[in-house]
Amino acid sequence: MASLVSSPFTLPSLKQDQLSSLAQKHYFLHSFLPKKSTNQTTTTTSKYSIKCAAVGNGLFTQTTQEVRRIVPENKDNLPTVKVVYVVLEAQYQSSLTAAVQSLNKTSKFASYEVVGYLVEELRDKDAYKTFCEDLEDANIFIGSLIFVEELALKVKAAVEKERDRLDAVLVFPSMPEVMRLNKLGSFSMSQLGQSKSPFFQLFKKKQGAGFADSMLKLVRTLPKVLKYLPSDKAQDARLYILSLQFWLGGSPDNLQNFLKMISGAYVPALKSQKIEYSDPVLFLDVGIWHPLAPCMYDDVKEYLNWYGTRRDANEKLKSPDAPVIGLVLQRSHIVTGDEGHYVAVIMELEARGAKVIPIFAGGLDFSGPVEKLLIDPVTKKSMVNSVISLTGFALVGGPARQDHPRAIEALTKLDVPYLVALPLVFQTTEEWLNSTLGLHPIQVALQVALPELDGGMEPIVFSGRDPRTGKSHALHKRVEQLCTRAIRWGELKRKSKAEKKLAITVFSFPPDKGNVGTAAYLNVFSSIYSVLEDLKRDGYNVEGLPETSEALIEEVIHDKEAQFSSPNLNVAYKMGVREYQSLTPYATALEENWGKPPGNLNSDGENLLVYGKQYGNVFIGVQPTFGYEGDPMRLLFSKSASPHHGFAAYYSFVEKIFKADAVLHFGTHGSLEFMPGKQVGMSDVCYPDSLIGNIPNVYYYAANNPSEATIAKRRSYANTISYLTPPAENAGLYKGLKQLSELISSYQSLKDTGRGQQIVSSIISTAKQCNLDKDVDLPDEGEEISAKERDLVVGKVYSKIMEIESRLLPCGLHVIGEPPSALEAIATLVNIAALDRPEDEISSLPSILAETVGREIEDIYRGSDKGILKDVELLRQITEASRGAVTAFVERTTNKNGQVVDVKDKLSSILGFGINEPWIQYLSSTKFYRADRAKLRTMFEFLGECLKLIVADNELGSLKQALEGKYVQPGPGGDPIRNPKVLPTGKNIHALDPQAIPTTAAMQSAKVVVDRLIERQKADNGGKYPETVALVLWGTDNIKTYGESLAQVLWMIGVRPVADTFGRVNRVEIVSLEELGRPRIDVVVNCSGVFRDLFINQMNLLDRAVKMVAELDEPSEQNYVRKHALEQAETLGIGVREAATRIFSNASGSYSSNINLAVENSSWNDEKQLQDMYLSRKSFAFDCDAPGAGMAENRKVFEMALSTADATFQNLDSSEISLTDVSHYFDSDPTNLVQNLRKDGKKPSAYIADTTTANAQVRTLAETVRLDARTKLLNPKWYEGMMSSGYEGVREIEKRLTNTVGWSATSGQVDNWVYEEANNTFIKDEEMLNRLMNTNPSSFRKLVQTFLEANGRGYWETSEQNIDMLKELYSQVEDKIEGIDR
C-alpha cells in the first residue's frame, strides 16, 4: 500500500519498480486509517518490489462488477427478474444491494438477480464483454449520469442490441445518446431533442443545470397531472417520472418500491399479479442536513435555533465568535446512506471549534441554495467565513453543461473563500494511493478543471471508496488538512488587519545574489514596495519599511555594504537541527536524498538558515532553490529529488515560528509547486502538500502563464492572482538597420533614374554589415542585375527589415499596481486590431484597409513574404495606417497626463458624430480614405472596450480581497492580444476545460502551419517529405491557442478530432489519404511536464490516434507512422502497437529535461551529458492501453523514433515570450541529439512556427534566433527599457545571453556575430559596462562568465584581445563583490 509518490528519484541503474525504502517507512503508510496515538520513531529499511499502479488491466480501477452481483437462491421457484445497472459513482451500490436483499427475503412474487457496473469499469475489455453477456438475459436496464462520451457510446452499442427484447430501459440524466434508449411500454425518448412535445423541449433547452432543475420541478408536478389522463402513453410517462423520483430518493425503501413498480408493470411473467408498492418518500430538494439533527431544514433560522440548543456541543461552539464554515453536499449521498465522509468533515470542523452549515441540493445547480441558505436575507451579508464544496463538481451543472457566470454571480454575493474538495469517484483508496498520477484524468477534467472556472481552490482528496461495498470513507489526515485550511482561510475574514501576519516569499533562480527576486516580467522589489505601502495605508503593521524600493533590496540582500562585501543574504532566523526536526514531521524522509540535517544548503554547518527580513508583521523571505542545479550527476536522474532540509526549514519557519496567517508567493514562479508528488489530488506524503502545511497561499502569477499557475493552484493550493505583462512596443530599427530603411526609401523614389544600381549596391553592402546575408540571398556588390531583379533584392531586404521593426516586445518590467498609460497600450491595441474575430463578427483592421484598395490581406502577406516590392510597401502603408488610426483614437480618449479619461463618455461622443470619428479623420489623408465605415465602427467599439480593460487596475485590490478572506473573481489566463477576456488582471487565474481542445478554429490554424512546415522542409530538402517530425507540446501555448499545437500533431498523422454533444473532444477519426493529399507524417511528441499534468486526456487521445494510424492497412510510402512502427517492432521484437509509442514526457511529478538548470548553472561538461539528461528524463511514455499505469519508461522506442526525425519543430504563440526569453525552449530542443541518434549522422532541419501575428510564419531555428537577437538582446530600445528597471534589468540582460548559449549547446544554430555584437554592446562600450557593474555586480559577473564560457565551449570565436579583457574584467568584478579594493 506504499505511496509511490514519495519515491524520490532513483539512480538510473535501479529498475522502475524497486521503490525507495522510504515508501515502506511507517509514517508514510495507510494515511487513510484513523490516527493512532503512539509515537513511532523506528524506521525499517527492508527493500522489496512493489509494482507501479499498472496492476491487472493497466486501467485506473481494478474493481469489477462481481462485487455488485447478487444471485438469489430462489428456493420457491419464483420467476427471476434480472436487473443490470450502470452508474457514474458508487453511492447507489450499498442502497440498491440492501433493497434487493430485502426483496429476495420477503417477496412472494419474484426473485431478483442484480449486477451493477461503474461506467469506468467498461473500459476493460473483459468487463465490457461480461456486461454485454449480462444484458442478453436481463429484464431491466438502468443507467444514470453517463457523461463520458467514449463510455456512453459503449453503453449505447450494447443496450441498443437488446433494447427491443428488454422489458424496460430506464436512463436518468445522461448524454442525449444514452437518454434516447429509454423505453417503458409506449413511452420512449428516441426523438430526444427533435420532438415538439413540451417534455422533449425541456431536454432541448439547455442540457445542464437548468435542465436538471426543471426536470426536478417536472418530477414534482407531472405524476399528479398524468394520473388523470386515460391513455397508456400518459401512464407510461407517469411511471418514468415516478421512477426518477424513486431513484433520486435513493433510500433502500424507495429503490425497493421502484423495482416492485417497474417489474410489476413491465415484466411479462409478473403482469397478472397485482404487485403493491408505496409512493416515493420525498426528501427536500434543497435544505440543510446535519447528522445529529432530528430532520432536514429548509430554513437557516430554524437550523441555527436547533444548533443553539444542542446538548452535545460545548459553549465554544455555540459562541457567536466561533468561525462558521459552509458545506455544499450532494443529496444523493445523504439519501442513499453513503454519507460517512460528510459526517467526518462535519465532526472534524466542530472538533476544531467551527460551526457548520451543511447545505444540499437534489439537482445539479447549487447556486440558488447557496444564496438562499448561506446569505442573510436581511443584511445580504454572508453567514459563513468560508465554504467547502464536498461534491467535487462545478457549482452549477455538475458533470453536464456548466453555467460559470451564474456560479460566479452567486459566489460573488457570498464573498468568502470557496474550496472544492474531492471524493474519489473512479478509483478506490488504495488505487489512488498507489498511483503516481493521483486522480483519474476524467475526474481531473470534471472535478478539478471545471470548479476552477468558478473560482474554486484547494482540490484536496478528502474521501476514498471501499472496493467491496462501494461506500465512501473519510481519509482522516486529508480531512484534517482540508478542515484546518478552510478555517485558516475563514480566519482571514475575522482577524483585524493590524494583527494579521504576512510572509512574502521571493525566488532566487539560479541561486546567486544577483538573482534575488526573480519573476517573469515583474520588477519584484518595486512591486513589493508598492504593495507594502498600500497595505500600510490600509492598516497593516509594516514597521520599519525603508524609504525606497532600492533600500528594500539592500536590506534583504544584506546590510548597507551588501552589494559588494558579502556573499550571503540577510539571515532572518537560525534554526537548530533539533528544532527543525520537531517542527518538520517529514524531515527524516528527506535524508535519503540529502543526508542528515543541516546539510550544506542554506546552512552554516550547525543551523539551518532562513534568509529574509522582517518589517512589523510582514516577513520578506527568500525561497531556497531545488538544491541540485549545480550537480551534473543529480541532473541526470530521471526523477526529481525531494526538497532539501533548508527548503523544508523555510516553510516550517513561516508556518510555525513566524506564524504567518497567509503566504504571498511573489511572481512567476518558485519551486514549491514543482516538488515531487502526485500530479493532482495529493496525499499527505506529497511534498508540495507537506511544505505548504496549513498556510493560506496567495500567489501573484503572470496573466500569460495559465498553465503553470494551474500547477501552483492544484499542487500548492494557491489562490493565483494575475498580473499584467509589461506593455508591448514595436522593436523599431537602430544603427545599420535604420540606415538600410533610409536607403530603401531613396531607392523607391529614385529607382527609375540612373542611380538605381548604385543605391542597390549600397543596400547590399549595408545588409551584409548587418549580417542579413544569412536571411536573404544577396548578389555580390558589384554584380550587374536587371531592374526586375533589383526590385526583388530590395523587396526581400525590405520585408526582413519590416519584420524586425514590427516585432512586438515587452518593454521594461511590470510593477504591481501601476497599469500602463493609454499611449503605452497603443502597440497592444494595434495587434488586437490585426486579428479577425469571426465569432464576434469583427473584421481585422488590416483586412478592412486592404479591401479599400481592392486586395485581400492574405495575398498581401504572401507577396510580402516573397519579397515582391510593391506588396512589401503596401503592407508597410497598411501597418502605418493601422497604427495612426489607433493612435488618433487613443489620443481622443486621454487627458494631458496620458491617462484614459472616462472612456465610456468619450466613446459615446466619438461614436455619436460620424464625420468626427478620429480614425476617419486620420484615414482621410491616406490612400485608405474610402474604408468601410460600419466595419471600422464595429472594430473601434471593440477596441474601446479593450482599452478600458488594459488600463484598469485590480492587482492590488484582489490581493487585499484575498488577504481579507474574500472571494477573488476567476478569469482565464492567456495572451491578452488573442483573448482580451484575460483583462483586467487581478483575477484568480484559471486554464480551460481540458476536454474542450482542440477547437475547430485551432484545427484550421494548425492545417495552415503544418502545410507551411511541410512546404518549407520539402523546399530545403530537394522536394522530399519529412518522414518524422520531433515536436514539443507546451501547456500554456495550448491554453492560449485552444489546442493549435495539439491539432498540428493530429493533422501531421492525418486524423481529425470529433466533439461530442457537449463540445468535448474525446475521439478522433481518420482522414483519408485522398483528402490528405500527402503521406502521413510520423511524429515524436515531447510533452512538457505541465502539459502532462493539465492535458493527460489529450495525451491519451494522441496515443490512441497514433496507434490507430499505425494499424491502418496502407502502403508504407504513404504512411510513415506504420513504416517506422513495423521496422521498430521487428528490431525490438515487440508488437506494432507498442512500437508505435510516440507520446513522451517526464516521469510523474518531475518537470523539464534539466538541460536548462545545467546551462544556467554552468554545471555540465559536454553536449553528450546534456543529451543524456534529455533521454533519461524525457523518455517516459503514456500508453492509452494502460492509462492507469501513468508514465512508464520506454527509452528504446524513444531513441529509435527520434533517430528517424528529419525535422525538429516548436511553436511560438505570443509576442512576449520568445526563444531566448525563457530557458524552457532550448531545454526541450532535441536537434543535436537527433543528429547523434541518426544512422547517417545528418543534422535534422530545425523549424519554429511563429503564430504571434495574423501572418503566421514557419522559419528555421537559426532565422528565429537571429530575429530574437536583433529585436531584443542587441536592440537599444529593449536593453535601455530593461536598464530602467535597475537591479532586475541587468539580470534580464544576462539571462538572454545565457539562454543564447543554451541554443548553441542543444542545436548549434547561433551565429558567431550574435556573440560578437553582444560583446561590442555590453563590454566594449565603457559607459554601458560601468552601468551594468554598478547596478547589479553579481549578475554582471555572470554575464562576463557567460561570454568566457561561450568562447571556451567553442560557440564564439573572437580575438585574443577580447578574451583577455573579459578575464581581467572577471577578476575585477570578483574582487569588487568580495570587497577587496585595489
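Values reported hereafter were calculated over all heavy atoms of this structure, with side chains retained and with hydrogens, waters and symmetry mates removed. From a predicted model like this one, the values you see are computed outputs, not experimental measurements.
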- Flag, side chain of Asp454 to backbone of Leu395, donor-acceptor distance under 3.5 Å: yes
- If you round to the nearest 0.5 Å, how far is NE2 of His333 from OG1 of Thr336? 6.5 Å
- Task: Please round to the nearest 0.5 Å and tell me the distance separating atom CD of Glu66 and atom CD of Glu121.
- Result: 10.0 Å
- Message: Side chains of Tyr240 and Leu170, heavy atoms from C-beta outward: is any pair under 4.5 Å?
- Response: yes
- Heavy atoms of Gly470 and Asp338 approach each other most closely as O-OD2, 4.3 Å
- Message: Around atom NZ of Lys271, are there more than 12 heavy atoms from other residues, nucleotides or ligands closer than 6.0 Å?
- Response: yes
- In terms of heavy-atom contacts, Leu373 and Gly287 come closest through CD1-O, 3.6 Å
- Are the side chains of Val448 and Leu422 in touch, meaning some heavy atoms are under 4.5 Å apart? yes
- Query: Tyr266 and side-chain hydrogen bond (donor to acceptor under 3.5 Å, both in side chains): which partner among Asp167, Asp236, Asn139?
  - Reply: Asp236
- Query: Quick one: do the Ser463 and His473 side chains pair a donor with an acceptor below 3.5 Å?
  - Reply: no
- Message: Are Trp432 and His440 an aromatic pair, judged by ring center distance below 6.0 Å?
- Response: no
- Task: Could you please spell out the steps behind the side-chain contact (heavy atoms from CB on, under 4.5 Å) verdict for Leu475 and Phe462?
- Result: CA-CA 6 Å; Leu475 303 168; Phe462 75 100; over 6 Å; no
- Pair Lys156-Lys161, side-chain contact (heavy atoms from CB on, under 4.5 Å): steps then yes or no: CA-CA 9 Å; Lys156 175 178 177 253; Lys161 274 213 277 296; over 6 Å; no
- Task: Check the pair Ser251 / Asp253 against side-chain hydrogen bond (donor to acceptor under 3.5 Å, both in side chains), numbers first and verdict last.
- Result: CA-CA 5 Å; Ser251 61; Asp253 280 355; 5.6 Å; no
- Take atom CD of Glu73 as the centre, draw a 6.0 Å sphere, and report whether it contains more than 12 heavy atoms from other residues, nucleotides or ligands. no
- Student check: side-chain heavy atoms of Val286 and Ile359 closer than 4.5 Å: no
- Identify the two heavy atoms, one from Val420 and one from Phe393, that lie closest to each other, and give their separation to 0.1 Å. CG1-O, 4.4 Å
- Exercise: do Asp134 and Tyr117 side chains pair donor with acceptor under 3.5 Å: yes
- Message: Working note: Arg123 + Glu120, criterion salt bridge (Lys or Arg N to Asp or Glu O under 4.0 Å); need CA distance, chi angles, decisive distance, verdict.
- Response: CA-CA 6 Å; Arg123 281 182 200 279; Glu120 185 56 31; 2.7 Å; yes
- Message: Quick check against the 3.5 Å criterion: does Lys108 have a side-chain atom that pairs as donor or acceptor with the backbone of Leu78?
- Response: no
- Query: Just by modelled atom types, is the Arg468 backbone N or O under 3.5 Å from a matching donor or acceptor in the Asp466 side chain?
  - Reply: yes
- Item | Residue pair Thr97 / Arg68, side-chain heavy-atom distance below 4.5 Å | no
- Query: Any side-chain heavy atom of Glu89 sitting closer than 4.5 Å to one from Gln330?
  - Reply: yes
- Query: Does Trp247 have its ring centroid less than 6.0 Å away from the ring centroid of Phe172?
  - Reply: yes
- Message: Using 0.5 Å steps for rounding, measure from the CD atom of Glu430 to the OG atom of Ser435.
- Response: 12.5 Å
- Task: Could you tell me whether the side chain of Ser243 and the main chain of Leu239 form a donor-acceptor pair under 3.5 Å?
- Result: yes
- Query: Is it true that a side-chain atom of Gln995 and a backbone atom of Val1065 form a donor plus acceptor pair closer than 3.5 Å?
  - Reply: no
- Query: Any luck finding a side-chain donor-acceptor pair between Asn104 and Ser111 under 3.5 Å?
  - Reply: no
- Can you tell me if Lys82 uses its side chain to pair, donor with acceptor, with the backbone of Val114 under 3.5 Å? no
- Message: Could you tell me if the side chain of Leu270 sits less than 4.5 Å from the side chain of Ile275, heavy atoms only?
- Response: yes
- Does the side chain of Tyr112 come under 3.5 Å of the side chain of Ser263 through a donor N or O and an acceptor N or O? yes
- Which pair of heavy atoms, one from Val425 and one from Gln443, lies closest together, and at what distance? N-OE1, 3.3 Å
- Going by atom types alone, do Glu133 and Thr130 pair a side-chain donor with an acceptor below 3.5 Å? no
- Euclidean distance, Ile346 CD1 relative to His341 NE2, rounded to 0.5 Å: 10.5 Å
- Task: Could you tell me whether the side chain of Glu136 reaches within less than 4.5 Å of the side chain of Glu162, counting heavy atoms only?
- Result: yes
- Message: If we count only N and O atoms by modelled type, under 3.5 Å, do the side chains of Asn305 and Tyr297 hold a donor and an acceptor together?
- Response: no
- Note on the structure: For Thr429 and Arg465, the nearest pair of non-hydrogen atoms, with its separation, is OG1-N, 3.1 Å
- Message: Here's one to test your reading of the geometry: is the NZ or CZ of Lys154 within 45 degrees of the ring axis of Tyr128 and under 6.0 Å from its centre?
- Response: yes
- Minimum heavy-atom distance between Ala168 and Ile262, given as atom pair plus value: CB-CG2, 3.9 Å
- Compare all side-chain heavy atoms of Arg1067 with those of Glu149 and state whether any distance is below 4.5 angstrom. yes
- Query: When you measure from the side chain of Arg69 to the backbone N and O of Glu113, does any donor-acceptor pair fall under 3.5 Å?
  - Reply: no
- Note on the structure: CG of Leu103 to CD of Gln256, rounded to nearest 0.5 Å, is 4.0 Å
- Query: How far does CG of Leu453 sit from CG of Asp403, to the nearest 0.5 angstrom?
  - Reply: 12.0 Å
- Task: Show your working on salt bridge (Lys or Arg N to Asp or Glu O under 4.0 Å) between Arg310 and Asp312 and close with a plain yes or no.
- Result: CA-CA 6 Å; Arg310 281 174 63 182; Asp312 65 303; 2.7 Å; yes
- Derivation and outcome, side-chain contact (heavy atoms from CB on, under 4.5 Å), residues Val83 and Leu259: CA-CA 9 Å; Val83 180; Leu259 290 175; 4.1 Å; yes
- Message: Run the side-chain contact (heavy atoms from CB on, under 4.5 Å) test on Leu424 and Val461 for me, step by step, so that the C-alpha distance in whole Å, both residues' side-chain angles and the decisive distance to 0.1 Å come before the verdict.
- Response: CA-CA 7 Å; Leu424 290 177; Val461 174; 3.8 Å; yes
- Between Tyr307 and Tyr303, how do the two ring planes meet: parallel, tilted or perpendicular, split at 30° and 60°? tilted
- Item | Glu339 vs Lys471, salt bridge (Lys or Arg N to Asp or Glu O under 4.0 Å): CA-CA, chis, key distance, verdict | CA-CA 8 Å; Glu339 79 301 65; Lys471 277 199 150 181; 5.8 Å; no
- Task: May I ask you to decide if Leu248's main-chain N or O and Arg331's side chain share a donor-acceptor pair within less than 3.5 Å?
- Result: yes
